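Along the sequence shown, residues are numbered consecutively beginning with 1. Note that these values count all heavy atoms, side chains included, but never hydrogens, waters or copies made by symmetry. Since we're looking at a predicted model, the values are computed, not measured.
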Amino acid sequence: MASILDEYEDSLYRSASVQHSRATVGIPHSGYVNARLEKETPIFNKQRIDFSPPEKINSLVVSSNQLCMSLGKDTLLRIDLGKPDEPNQVELGRKDEARVYKMFLDHTGSHLLIALNTSECLYLNRSVQKVRALSRWKGHLIESVGWNKFLGTETNTGPILVGTAQGQIYEAEISVSEGGLFSTNPDQYFRQVYTLEEESGSAPVCCLEIERGIEGKFFIIATTRKRLFQFVGKVPEGTEQQGFGSIFAMHADHLPSFREFPASFGFSEIAFYTPKLRSNPRSFAWMMGNGVLYGTLDYSRPDSILSDERVWVYPSDIDVTVNKPISIVLTQFHFLLLLPDRVMAVCTLNEQVVFQDVFLEKFGTLTRMIKDPMVQQIWIHTEKVVFRYHVQRESRDVWKMYMNMNKFDLAKEYCKDRPECLDIVLAKEAEHCFQNKRYLDSAKCYALTQNYFEEIALKFIEAKQEEALMEFLIKKLNNLKHSEKTQTTLLTTWLTELYLNWLGILEGDPSQRNLYLDTREKFRTFLSSPKNKDCLFNNRASIYELLASHGDTEHMVYFAVIMQDYERVVAHHCQHDEYDEALNVLSRHRDEKLFYKFSPVLIQHIPKKVVDAWISMGSRLDARNLIPALVNYSQSASTQQINEAIRYMEFCVYQLEETQQAIHNYLLSLYALCRPDSLLSYLEQAGTNPNRIHYDLKYALRLCAEHGHHHACVHIYKVMELYEEAVDLALQVDVDLAKSCADLPEDDEELRKKLWLKIARHVVQEEKDVKKAMACLSSCALLKIEDVLPFFPDFVTIDHFKEAICNSLEDYNKHIEELKREMEEATQSAKRIREDIQEMRNKYGSVEPQEKCAACDFPLLNRPFYLFLCGHMFHYDCLLQAVFPNLPAYKQAKLEDLQKKLAATSQPSKGHHRTKDADTASLGKGQQSREQIKADIDDIVAAECVYCGELMIRSIDKPFIDPQKYEEEMQSWL
C-alpha cells in the first residue's frame, strides 16, 4: 500500500509542479490562480446625476423606474427613467404658503400622493397632468402609506392604509375614471380602522406595510417611534376588495403583538428586501432609536412573520442627538444607513461596516435615501444634488462569511462560478468534518479539493479510518480525467487492495455480516463500474494477482465475468468439478474457441448435455474442431455413450448439411464400429456419383473391409466403377447382388458381357445349377448359348439347354431377315435420289430483261448473276459481298483461296513455242480445273438464298448499323 501511495504522490507532484509554475496567489496547496488581473469594482458604485434643479429639492420618490421630485414651493417634476430626456413638469396650483411635507409613490409608479404641511393631501396619476385634492383626507398630516400590491392597478389603488402624525390608521381607496378625468371625489372612501399608541399616548405612524401569506392570511406591519406592531388575520377569499377593517377589528379589545425599544430619536423607518421573481419580501430592517432590528420574514408562522431577529447597535461614531440616521435601505446582504454627511453599509451576516461614503460639504446636507423596489437602485438627494447607487455583485464575498460561520452549503451556493473560492470552502468544510470525526463527509469534501493527495491520504491512514480513505479514493477516482491514466491505475489498484483487506476482516466476524454484505456489494459495484472498465481491463493481470493473493476465488470469478474472461471462469468450474456450471457459462456466452478448448473435458463427464449444447450452437461450431474430443471420448466410452457422438455427427450431416470429408469419414467409422445397420443406408443415401460423395471412398472401402461389411464394400466398388471387383465380392454374398452390379456398365457391352459370364461361370461351376445358368441367359441379352456352353461339363446332356439352342437359332434367323429388309430399303432410297438429281438437272427459270438485282437494284443482265428457287436474283459480286462477312473464318479463307486460283487460271500462258497437242491438252486440263473451282465457289456462295436461308435467321439479332460506324452514320444524316 505504501508503494502505491508513493507512486501516486510522484504523479501528483509532477502535475502540481506544472500548476505551480504559474503565478498563484492566496491559495496554498491549490492549482487555482487567485490573482486579480484588474481592479474589482466596488459593490456600491455611486453616480452623480447630471441634473441641476432650478429650485431646491424638497422631496423625492421613485418606483418602477418612475421618479417624482418636489421642487421649491409649487413645482412637481416627473421623469420616466427609461426616457430621461423627456421630463414632465406639473404645477401644484397652490397660492397659499403650503409646502410639500412628504410624497408617496406606489409600486407601479402610477399613483402619487403629496402630503402638505397644512394637513392636506393631493393626488396625481401618471396618466394625467392635473393634481386633485383629496377632500376626505383634509385635516390629517400623512406620515406613511401602506400600498396594496395585490389589488392595486394603474387606475385604482385598491384598499390602502394611511398613517397620520396623530397615530390614526385609515383605510382608503383612490380610483381614476375610465375616461381619464377625475370623478367628483377620486378618493372613494377614507375611514379610520385603528389608532397606535405608546406609553406616552398616541404616536405618529412612521411606516406601514401590507403583506399576504399563505392560505389567505394577511400581515400588516406598522411602526411608531419605538414600537413595531404586527396585525395578523385572514380575509375571506373574494372579499379582499372590502378592505382590512376585519383584521384591525380583531385587535379592538387588546393590543396586537409588538416589539418595543426604549430609545427614540423622534421617528423610525422600516425597509424590506424582495428578491427578483418574487412578490413577497424575504427580509426586513427597522431603524429606530437603539439601532437597527433586522431579520427574515417567515410567512408560515401563525402570529409573527419576523424571524431570526438581531439588533445592530449604533457604533460610537453615530450620536443620535447630533448626527442621527435619516433613512435606511435594505439589500440582499446589507442595510445602508443615511447620515447627514455620509452613507454607511453594514453586512447583515457579520454586522460589520463594510462601506462608508462621505459626501462633500458643497453638496449640502443629505436629505433622504430611497430604493426603487423593482429595479433595486438606491437614490440619495440633498437640496441641490441627486445621486444614484448601483449594487453590483453584492454576493461576491458572501461565501467567505458563510464559510467562517460554518454554513458551508450556503457558502458553496454563492461561489459556484468561482472554482478557486469553492476549493477553499470545500477544504475548510473537510477540515471541519475531520475535526468533528465525521470522516466520511470529510473524505467526500477532500476529494473535491485541490489539496495534495498524499497529505489527505496519510491523514486518514494515521487516523486509522480505512472506510473514509476508501471513500476519498473513490471520489478522487471519479474526478480524474480520462487522460490521467497513471493516477487512475494506481487508485484502482489501491482501492482493490483496500476492499479485499476490509472484506477479509469482516468475513471472519459473524456479527458484521450485514456490513460485510454491504461492503461486498460496493466492491462489486466498483469492479463493474463502466468508468473503471478500461483501467481494470488493461491491468487485469494485477487485479487477478491481488485476488489470488487474498484467496478470494468468488470475486476472482466475478471479476473474470466482468472482464469477459470466460476462459478463466470455465477453467475454475472445471477445476472444482462444477461441470454443469462450466457448460452453462459456455452456453450463455457462446464462444466457439472456449467450446473447442473445454469440450474434451466436459464430454467425459456430461456427454449428453455437451452434445445438446453443441447442437444449440448450430453452424457456429466447426465440427472438425470437435472431432478430437469425440475421438478421445469414444475410445474409452461404452456403446451407449458413443451414440452421443453419432447423434452430433448425424446432426452435422443431415441438419447442417456439412460437406467436410473429415466429418463424413468419422461418422462412417462410428457406423462401421457400432451401427452396421445404419452404415449401408448412409452409403446408399450418399448416392453413387463420386463427385457428390463427401466421404473418402478408399478410406471407406478399407474400413468396411476391416470390419467385414461386404454389402457396404460392394456398394463402394460400384461407386468407384470397379464393377469386376464388385461382382467378384457380390458372388461371395448373393448372386442377385452380383447381377445388379453386372448391369451397371450400360455403355460398355463388352464389360457387361464379361461380368455376366462371371456370374454364369459361378452359377455353373460353383453352384452347379443349370437352371440358374439358363436364367442368366434370359437376364442378359448379350449372352448366347454358345458363350455359356464351355462352362458346362462334358457329361451334361443337351436336354438341359435344348430350348436355349432353339431360341438362339430363331434369333439368328430374325436378325438375317432384318438385314434383308434394310438392304431393300437402301436400294429404294438410292433409286429415288438418282431420280431427284436427274430432275434437278433439267430444272430451269426465265429472267426478263427488266429484272434487277435484289441487293443493288441495278439491271440483272449486265453482270453474271444467280437465280434462286425462291425467285430472288443477285449479281455475283453483290451476293459475294453479302455472304462473305457472315461466313465462318475457315470458309472465308477457303473462298479467298478459290478466288485466287480462279484468277490464276484466267491469265494467258507465257510460253510461245508450245505444240498444238500440248496446247490442246493444257486447255482441256485448264477448263476442267476452272469449272471445278467455280463449282466450289458456288457451293460456298450460292448454297442458299441470302434473304431466305439460315443466314438471314442467324443475323436477326445484329443491328442495322455497325456500332463502330454509328457515329459516322449519324453525322451523315445531320
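Not one N or O on the side chain of Asp423 forms a donor-acceptor pair closer than 3.5 Å with the backbone of Pro419. Listed for the Asp106 side chain is a donor-acceptor partner under 3.5 Å among the backbone atoms of His111. In this structure, the side chain of Arg310 engages the main chain of Thr348 through a donor-acceptor pair within 3.5 Å. Of the possible polar contacts, none joining the Asp372 side chain to the Val62 backbone as a donor-acceptor pair under 3.5 Å is found. Judged purely by atom type and a 3.5 angstrom limit, Ser64 has no side-chain atom pairing as donor or acceptor with the backbone of Gln66. Checked by atom type and distance alone, the side chain of Lys73 pairs as donor or acceptor with a backbone atom of Asp96 at under 3.5 Å. Proximity of a side-chain donor or acceptor of Lys226 to a complementary backbone N or O of Gly289 within less than 3.5 Å is not detected. Distance alone, capped at 3.5 Å, places no donor-acceptor pair between the Asp341 side chain and the Glu361 backbone. Between the side chain of Asp187 and the main chain of Ile174, no donor-acceptor pair closer than 3.5 Å is present. With hydrogens and angles ignored, the 3.5 Å screen pairs no side-chain donor or acceptor of Asp303 with any backbone N or O of Pro256.
A ring-ring contact (aromatic ring centres under 6.0 Å, His included) check over residues 404-423, counting only residues at least two apart or in different chains, returns the pairs Phe333-Tyr414, Tyr402-Tyr414, Phe408-His432. Screening residues 195-209 for side chain to side chain donor-acceptor pair (under 3.5 Å), with sequence neighbours left out, gives Lys149-Glu209, Gln192-Thr195, Glu198-Thr224.
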Could you give me the CA-CA distance, side-chain angles and deciding distance for Gln230 and Ser304, then say whether side-chain hydrogen bond (donor to acceptor under 3.5 Å, both in side chains) is met?
-> CA-CA 7 Å; Gln230 294 185 72; Ser304 173; 2.6 Å; yes
For Trp286 and Thr223, what are the C-alpha separation, side-chain angles and deciding distance, and is it a side-chain contact (heavy atoms from CB on, under 4.5 Å)?
-> CA-CA 9 Å; Trp286 179 40; Thr223 66; 3.7 Å; yes
Please report the C-alpha distance between Leu297 and Asn280 in whole Å, then the side-chain angles of each, then the deciding distance to 0.1 Å, and finally whether the side-chain contact (heavy atoms from CB on, under 4.5 Å) criterion is met.
-> CA-CA 9 Å; Leu297 300 178; Asn280 293 330; over 6 Å; no
Step-by-step side-chain hydrogen bond (donor to acceptor under 3.5 Å, both in side chains) determination, Thr118 to Glu120 | CA-CA 5 Å; Thr118 58; Glu120 295 179 80; 2.9 Å; yes
Evaluation steps, side-chain contact (heavy atoms from CB on, under 4.5 Å), between Leu113 and Tyr123 = CA-CA 5 Å; Leu113 292 174; Tyr123 172 76; 3.8 Å; yes
Begin from the C-alpha positions of Met344 and Leu339 and carry the test side-chain contact (heavy atoms from CB on, under 4.5 Å) through to its verdict.
-> CA-CA 8 Å; Met344 177 186 298; Leu339 301 173; 4.1 Å; yes
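For Tyr389 and Phe44, the distance between ring centers is not under 6.0 angstrom.
The closest side-chain heavy-atom distance from Leu293 to Phe261 is below 4.5 Å. Side-chain contact check for Arg396 versus Arg418: some heavy-atom pair is nearer than 4.5 Å. At a threshold of 4.5 Å between non-hydrogen side-chain atoms, the residues Ile326 and Met369 do not count as touching. In this structure, the side chains of Tyr170 and Trp137 stay at 4.5 Å or more apart for every pair of heavy atoms. Side-chain contact between Leu228 and Ile221: present, with at least one pair of heavy atoms (C-beta onward) separated by less than 4.5 Å. Put simply, the side chain of Leu71 does not reach to within 4.5 Å of the side chain of Leu76, judged on heavy atoms. Taking the side chain as every heavy atom from C-beta outward, Val90 and Asn88 approach each other to under 4.5 Å. By the 4.5 Å heavy-atom criterion applied to side chains, Arg227 and Met288 are not counted as neighbours.
The aromatic rings of Phe359 and Phe363 sit perpendicular, their planes meeting at an angle over 60°, well past the 30° parallel limit.
For the atom pair Glu260 CD and Asn290 CG, the distance stands at 10.0 Å (nearest 0.5 Å).
Under the 3.5 Å distance criterion, with hydrogens and angles disregarded, a donor-acceptor pair is assigned to the side chains of Tyr101 and Glu143. Between the side chains of Glu173 and Asn156, at least one donor-acceptor pair of N or O atoms lies under 3.5 Å.
The ring pair (Phe, Tyr, Trp, His ring centres under 6.0 Å) test with Phe231 is passed by exactly one of Phe244, Phe258, Tyr194: Tyr194.
Lys56 NZ: 12 or fewer foreign heavy atoms inside a 6.0 Å radius.
When every heavy atom of Ile210 is checked against every heavy atom of Gly146, the shortest pair comes out as CD1-O, 3.4 Å. In this structure, Arg78 and Cys68 approach most closely via the heavy-atom pair CG-SG, 3.8 Å. The two residues Arg126 and Thr108 have their closest heavy-atom pair at NH1-O, 3.7 Å. Annotation for Gly233 and Ile247: closest pair O-CD1, 3.9 Å, computed over non-hydrogen atoms.
A search for side chain to side chain contact (heavy atoms under 4.5 Å, CB included) contacts involving Cys347 returns His334, Leu349, Asn350, Val354, Met401, not counting sequence neighbours.
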